Visitor: 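Quick one: the structure is below, questions incoming.
Please read all numbers here as calculations on a predicted model, not as lab measurements. So you know, we letter chains A, B, ... as the sequences are listed, proteins then strands, and number each from 1.
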2 protein chains.
Amino acid sequence: MRIATWNVNSVRARQQRLVNWLKSAQPDVLCLQELKCTDADFPFDAVKEAGYFAAVHGQKTYNGVAILAKTEPTDVIRGLSDGVDDTHARFISATVNGIRVVSAYAPNGQQVDSPAYVYKLEWYRRLRNYLDTRHKPDDLVVMGGDWNIAPEPIDVYDVAQWEGQTLFTLRERDALQQLRAFGLTDAFRQLHPDVQKFSWWDYRMLMFPKNKGVRIDHLFLTAPLLPRLTACDVDREERKGQQPSDHAPVWLELKD
Amino acid sequence: MRIATWNVNSVRARQQRLVNWLKSAQPDVLCLQELKCTDADFPFDAVKEAGYFAAVHGQKTYNGVAILAKTEPTDVIRGLSDGVDDTHARFISATVNGIRVVSAYAPNGQQVDSPAYVYKLEWYRRLRNYLDTRHKPDDLVVMGGDWNIAPEPIDVYDVAQWEGQTLFTLRERDALQQLRAFGLTDAFRQLHPDVQKFSWWDYRMLMFPKNKGVRIDHLFLTAPLLPRLTACDVDREERKGQQPSDHAPVWLELKD
DNA sequence: GTATCGAAAG
DNA sequence: CTTTCGATAC
């Protein structure tokens with residue numbers, strides 16, 4: 001079973017690339033982020049034509065997440081549903097083939113200590129609370145998303161430059177660690193302890209050609225799924241060519 | 001010798017279509033209108049790659065005209081050069097293979113009697129004056145352009161609807177007639193006296209699928225070129241498909 | 001650099 | 001409907 005995550009940076013602007021990628025990569029499940037469109041504007045027809053069901057939590061202009069799957073996702077939950085007044089469409093979960101799948105788009109955080117940064121840390125706390133409330137660590141859970149946090153020094157292209165910058169501050173890395181402490185493992189790092197691969201490269205300054213990126217798109221697994229994990233990688237090819245997203249898809253393979 | 005005219009409605013938005021059309025239609029000369037970009041933003045490289053020189057008179061956002069040719073255009077004149085203070089880039093002329101070629105983008109005129117309408121009539125008068133000043137009726141001159149005037153009832157899809165509307169008012173048709181009175185012949189009508197073909201269809205209201213258009217893109221010839229005129233047609237195919245211009249190219253063939 | 005938006009123009 | 005712009009966000 002192949003599960004992937006991809007921040008498409010506008011599902012309408014990237015519709016053809018999305019369909020092409022689905023057809024060639026053939027994931028069983030794809031977590032999408034930054035749809036940048038409402039449910040009404042989501043390209044359901046093109047996705048269905050490619051062989052996928054879609055559970056969508058859209059929003060105009062900003063955010064928007066979805067779970068695409070070859071079998072129909074059930075028990076869809078849109079938003080963290082914790083009573084907090086929050087209009088951002090950053091979270092969706094659904095059950096696919098007996099696995100609880102999450103597609104998450106963590107806040108970027110803008111500048112350190114800005115309201116957006118505070119919101120980011122709080123959002124991570126709320127997501128941990130979601131897990132504590134709804135799940136046990138031995139549930140079958142896969143959380144894919146753009147987490148907007150590089151977990152470790154190896155996950156940024158230049159530690160000296162990134163130190164103290166949003167996406168890599170100690171408080172953000174700690175927030176991610178608190179989330180993972182629920183019982184989640186980073187699939188890529190689990191299989192490749194010493195490999196430096198990135199999933200996002202700024203559009204500007206030729207960052208992709210220079211391979212100056214960061215790894216902020218992750219797939220997290222609960223413990224019972226770890227023995228089934230056989231592969232995890234970044235599809236760097238998808239960042240190439242005309243009008244790519246600034247993120248590359250990340251995928252994993254579960255045996256059985 | 002094949003000479004064409006095409007209002008591309010943004011040369012940057014239409015760059016790939018332009019290159020494809022040049023490669024398949026292989027005109028010796030192409031008059032372009034509504035470049036909607038400055039000279040600095042004109043895609044000289046792509047045009048050169050397709051085998052064409054380009055004489056450009058660009059303008060930001062609006063208007064902009066060019067003459068593309070397989071041999072280098074010489075003696076380029078940008079604007080009507082009549083001392084009138086006019087920032088609109090609507091006129092360029094150059095010599096190609098011994099023929100004086102004009103690419104013109106006539107004002108639209110907006111509403112009847114609006115300042116834009118007055119400007120349109122005046123622009124036609126100035127263009128006639130340009131010819132009187134610079135040319136004799138037996139010079140070899142081809143004027144291609146978006147003239148924003150349908151000359152005759154046959155040139156609009158519904159005379160009753162168009163009567164009195166801009167593009168078809170008597171005063172506009174008279175202004176065009178005054179211009180032609182210099183000694184110009186409408187190549188398409190010359191060869192096809194009774195054929196109704198359109199060159200522009202509004203993007204809205206499914207006007208193209210319904211073939212509700214008007215013929216406002218014309219190629220005018222001076223008398224000495226008439227005996228050489230062997231063909232003239234509208235390339236309706238170019239209006240089809242994804243992201244077309246709202247105008248189709250019009251082309252003619254001169255023998256020898 | 002690449003999206004979004006709404007306004008203005010055709 | 002399609003394009004432009006300038007503003008905003010990442």
Visitor: Whole Å only: how far is the CD atom of B/Gln59 from the C1' atom of D/dT3?
Guide: 15 Å

Visitor: Given atom CE of B/Met207 and atom P of C/dG10, what is their separation to the nearest angstrom?
Guide: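 So the CE-P distance, B/Met207 to C/dG10, works out to 17 Å.
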
Visitor: Quick one, B/Leu30 and B/Leu32 - any side-chain contact, counting heavy atoms below 4.5 Å?
Guide: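 In short, these two side chains touch, coming nearer than 4.5 Å.
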
Visitor: Which comes earlier along DNA chain C counting from the 5' end, the contact point of A/Arg204 or that of B/Tyr105, where each point is its nearest nucleotide?
Guide: A/Arg204

Visitor: In whole angstrom, give the distance that lies between atom CD of A/Glu34 and atom P of C/dG1.
Guide: 19 Å

Visitor: About how many Å separate CZ of B/Arg180 and CZ of B/Arg128, when rounded to the nearest 0.5 Å?
Guide: 12.5 Å

Visitor: How close or far is atom P of C/dG10 from atom OH of B/Tyr119, stated in whole angstroms?
Guide: 12 Å

Visitor: Using a 4.0 Å heavy-atom cut-off, does B/Gln243 contact any base of the nucleic acid, only the sugar-phosphate backbone, or nothing at all?
Guide: sugar-phosphate

Visitor: What is the distance, to the nearest angstrom, from the CG atom on B/Asp202 to the P atom on D/dT2?
Guide: 11 Å

Visitor: Can you tell me how far C1' of D/dC10 sits from CD of A/Gln165, to the nearest Å?
Guide: 14 Å

Visitor: Can you tell me if A/Ser10 touches the phosphate of C/dT4, counting only side-chain N or O atoms and a distance under 4.0 Å to OP1 or OP2?
Guide: yes

Visitor: Could you tell me how far apart A/Arg12 (CZ) and C/dT4 (C1') are, to the nearest whole angstrom?
Guide: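 Value for this atom pair: 9 Å.
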
Visitor: Would you indicate which nucleotide in C/dG1, D/dC1, C/dA3 comes nearest to any side-chain atom of A/Ala13?
Guide: C/dA3

Visitor: Side chain of B/Asn108 only, please: which of C/dT4, C/dA9, C/dG10 is the nearest?
Guide: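 Between C/dT4, C/dA9, C/dG10, the one nearest the side chain of B/Asn108 would be C/dG10.
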
Visitor: So, is B/Gln110 close to the C/dA9 phosphate, meaning a side-chain N or O under 4.0 Å from OP1 or OP2?
Guide: no

Visitor: Establish, from distance only, whether the side-chain atoms of B/Asn9 and B/Lys36 form a donor-acceptor pair under 3.5 Å.
Guide: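 Judged by distance alone, the side chains do pair up.
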
Visitor: If the test is ring pair (Phe, Tyr, Trp, His ring centres under 6.0 Å), which one of B/Tyr157, B/Trp200, B/Trp201 qualifies with B/Phe208?
Guide: B/Trp201

Visitor: List the steps, then state whether ring-ring contact (aromatic ring centres under 6.0 Å, His included) holds for B/Tyr105 with B/Phe91.
Guide: CA-CA 6 Å; B/Tyr105 175 47; B/Phe91 179 95; over 10 Å; no

Visitor: Quick check: on DNA chain D, is the nucleotide nearest B/Arg14 upstream (toward 5') of the one nearest B/Lys60, or the reverse? Name the residue that is more 5'.
Guide: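 It is B/Arg14 whose nearest nucleotide is closer to the 5' end.
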
Visitor: In this structure, how many angstroms lie between the P atom of C/dA8 and the CD atom of B/Gln111, rounded?
Guide: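 Result: 16 Å.
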
